[in-house]
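Just so we're clear, the structure is a prediction, and the values are computed from it rather than from any experiment. Numbers here simply count residues along the sequence, with the first being 1.
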Amino acid sequence: MSQPRNVVLSAGATIVMVGSRFALLAIAARRLSESGFGQFAYAMWLVDIAFLACSLGAAGPVSRYASEFRGDESKLAEFMGRWRRRAVAVPLLSVIAVVTMARLSGLEFGLESLAALALWAMLQAGWALQTAALTGSQRFDKIVVANMTAAAVMLVGISVMPLPSGGLWSLFALMASAAMTAILIGFPGVRGLGAGVPVAMPAAQWRSIRVYGFNMWLTPLLWSLLWSRGEFPIVRALAGDQGAAHYAAAMTVFGGAVQAMTLGVYGVMPHLTHLLGEGHVQRAVKTAENVMNLQLLTCGCVGLLLICFGPELMGLAFGYAYSDAAGMLVILGSALPAMALATQNHLLQIATDGRFSRDTSLLGVVVLMGLAMVLVSVGGLPGAALARALTVILLGLITVFFVRHRWTPSSISIRNLLIVLGACLGGAWAVEAIGDQRLLERAGVFMIGVIVIGSQLRIVGGPLVLLYILRRLTAAAKTTRVDESLPGRKHTS
C-alpha cells in the first residue's frame, strides 16, 4: 500500500474516531445531567487508563515491529507468536483494573453499571490491541472501516436509545457493543499476520524488543496521564462531578483540535520508522522537519480558532450550559504550537528505544500533577487548564533541545516555532482584554493572527509554507492530468 494512501487512510481513521467521540460526548452532555455527564466522561477515562496500565507493553511493539519485519516473514512469525501469547491476558486484566479504580474513585455505580463497565473495558482493550496490529501491518483500510462502523453504532445508539435515570449501564453497554463490532470487522486483517515459518531471533534482538516494550508500556500510560486528562481525578476531587463535566467539555474540544491539526501524522510515522530502520537518518529528520512546518501552519490557525471563538465553539458543541468553559480554551489554545513536534518526538522515541518518550512523559506527569494540585485549588478549572498549557510548552522546549543536540541545529526551525507561539499568545492576550461579548473584535484578532502566521512561516532555506503547499498541490494536479491523458494509463497515487 502506497505511502500517500496510508497518510489519507490514517487521517480518515483519526477523523472518524475523534469525530465520533466528540459527537458522542456532545450528545451525552445534552441528554444527561451535568453530574451524569461528568461521571460518564470520567468512566471513559478510566476505561482508557485501565487498558494502558494493563497492556504490558503489547501495543507499542506490534505497531513498530510488525512494520519493521514485514519484509522478513520468518522474523514476523516469531515475533507475532510471542506477542499473541502476551496480548491475550490484557483484556482480563483491564476488567479487574477498571472495576477497582471505579470503586476507589467513589463512583456510586450499581451492579448493572459495573458489569457493563467491565464488559466495555474488556472489549475496548481487544479493539485497541487489534488496531495496534493493523497499524504495524499498515492495514489502515481495515482501521477506517472498523472505526466507521463503531462510530455509527455509538452515535445512532446514544441518539435513539432511552437513558435510564437510575444509572449509566445502558451507555456502557452501548460502548461495549461498538467495540465488539469493530473487533469483528478488523479481525480478518490480523488473522494471518505472521503466518510464516518462525525462526529464532538473536537474544540481543529480543532484549532490545523487551526494552522497547517496557518503555512503550510505561510511556503510553504516562502519555495518557499527560495528554488525556491526567489531572481529571484532581479536578473531580476539588470541583465535583459538575466541575469534571465542564472540564471534560473543554478538554474534548481541545483534544479534537489537537487531532485535527495532526491529521496524517500517524500515517507518516510508520514511514519514518522504516527510514530509520533502513539507516536513512537524514531523510527521516528532513521529512519530520517538513511535516512539522506544515503542522505549525495548521496548529497556529486552530489555536487562534480556539482562542478567539471559544464561547461559540462550546455553545455549539455542548450547549449554552457549558459556554463558560470558553476561558479554558483561551489558555489551552495558547499551547497548541508545541503539539506540532509530534514527528520529532517519534524520531527521538525510535532512536532511543522509547527512553526519550518515557523520561519526558514521566517528567511531564510530575510537573502536570504538581501544578494542577496547586493551580486548581487556587484558580479552579482555569488553573487546571493553565497547568496543562505550561506542561505542554515545557515538553516542547525539551524536544527542541534534544533534536538539535542529537542531530544538527538546523534539524528544527526555532524561528517558525516562535512565530506561531507568539501569534497564539498575542491572540490570547487580546481576547482577554476584549472580553467574550465582542464577537467582531475577536474575529479581527483571529484574522490578524492568521495573516501573521501565513505571511511569516517559511520552509527552512525555502519559500513560505503556504507557497510550498500550493506548489505541491499544483504539481500533483499536473501529474494527474498527464497520467489521465495517456492511453490505458490509470493514476493511482
Checklist entry - So, for Ser94 and Ala125, which heavy atoms are closest and what is the spacing to 0.1 Å? => result OG-CB, 3.7 Å

Checklist entry - What are the two closest non-hydrogen atoms of Asn345 and Ser357, and how far apart are they? => result O-OG, 4.2 Å

Next on the checklist: Taking CE in Met369 as the centre, count heavy atoms belonging to other residues, nucleotides or ligands within less than 6.0 Å. Is the count above 12?
Outcome noted: yes

Checklist entry - Does a side-chain heavy-atom distance below 4.5 Å link Leu304 with Ile453? => result yes

Next on the checklist: Which label fits Tyr322 and Phe37: parallel for a plane angle under 30°, tilted from 30 to 60°, or perpendicular past 60°?
Outcome noted: perpendicular

Next on the checklist: Show the nearest heavy-atom pair for residues Gly396 and Ala338, with the distance to one decimal.
Outcome noted: CA-CB, 4.3 Å

Item to check | Chi angles and distances behind the side-chain contact (heavy atoms from CB on, under 4.5 Å) call for Thr131, Thr135 | outcome: CA-CA 6 Å; Thr131 300; Thr135 299; 4.2 Å; yes

Checklist entry - CG of Leu305 to CD of Glu312: how many Å apart, nearest 0.5 Å? => result 10.0 Å

Checklist entry - Ile143 versus Gln130: any side-chain heavy-atom pair under 4.5 Å? => result no

Checklist entry - Do we get Arg236 above Tyr42's six-membered ring, with its NZ or CZ under 6.0 Å from the centre and within 45° of the axis? => result yes

Item to check | side-chain contact (heavy atoms from CB on, under 4.5 Å) evaluation trace for Leu32 with Leu168 | outcome: CA-CA 10 Å; Leu32 298 170; Leu168 297 173; 4.1 Å; yes

Checklist entry - Got Met161 and Leu163 here, is their nearest side-chain heavy-atom distance under 4.5 Å? => result yes

Item to check | Non-hydrogen atoms of Val62 and Ala58 that approach each other most closely | outcome: CG1-O, 3.6 Å

Item to check | Spatial distance of atom CG (Leu368) from atom OG (Ser361) [nearest 0.5 Å] | outcome: 11.5 Å

Checklist entry - Which class fits the ring pair Phe232 and Trp45: parallel under 30°, tilted 30 to 60°, perpendicular over 60°? => result perpendicular

Checklist entry - Is there a side-chain contact between Ile307 and Ser334 (heavy atoms, below 4.5 Å)? => result yes

Checklist entry - Are side-chain heavy atoms of Met148 and Val144 found at a separation under 4.5 Å? => result yes

Item to check | Atom pair CE (Met292) and CG (Asn416), whose distance is rounded to the nearest 0.5 Å | outcome: 6.0 Å

Next on the checklist: Quick one, Cys299 with Val420, criterion side-chain contact (heavy atoms from CB on, under 4.5 Å). Give me CA distance, side-chain angles, the key distance, then yes/no.
Outcome noted: CA-CA 8 Å; Cys299 75; Val420 179; 4.2 Å; yes

Item to check | Side chain to side chain, Met180 and Leu184, heavy atoms closer than 4.5 Å | outcome: yes

Next on the checklist: Nearest 0.5 angstrom please: Ser33 OG to Gln39 CD, how far?
Outcome noted: 7.5 Å

Checklist entry - Which heavy atom in Ala372 sits nearest to a heavy atom in Ile234, and how many Å separate them? => result CB-CD1, 4.0 Å

Item to check | pair Met44-Arg21: side-chain heavy atoms closer than 4.5 Å | outcome: yes

Checklist entry - Say you draw a straight line from CG of Asn147 to CD1 of Ile185; how long is it, rounded to the nearest 0.5 Å? => result 9.5 Å

Item to check | Close side-chain approach of Phe309 and Leu439, heavy atoms under 4.5 Å | outcome: yes

Checklist outcome for this item: In short, Ala50 meets Met101 closest at the heavy-atom pair CB-CE, 3.6 Å

Next on the checklist: Does Val258 form a side-chain contact (heavy atoms from CB on, under 4.5 Å) with Leu336? I'd like the steps, not just the answer.
Outcome noted: CA-CA 7 Å; Val258 170; Leu336 272 180; 3.6 Å; yes

Checklist entry - To the nearest 0.5 Å, what is the distance between OG1 (Thr360) and CZ (Phe356)? => result 4.5 Å

Checklist entry - Thinking salt bridges, do Arg103 and Glu108 make one under a 4.0 Å N-O criterion? => result no

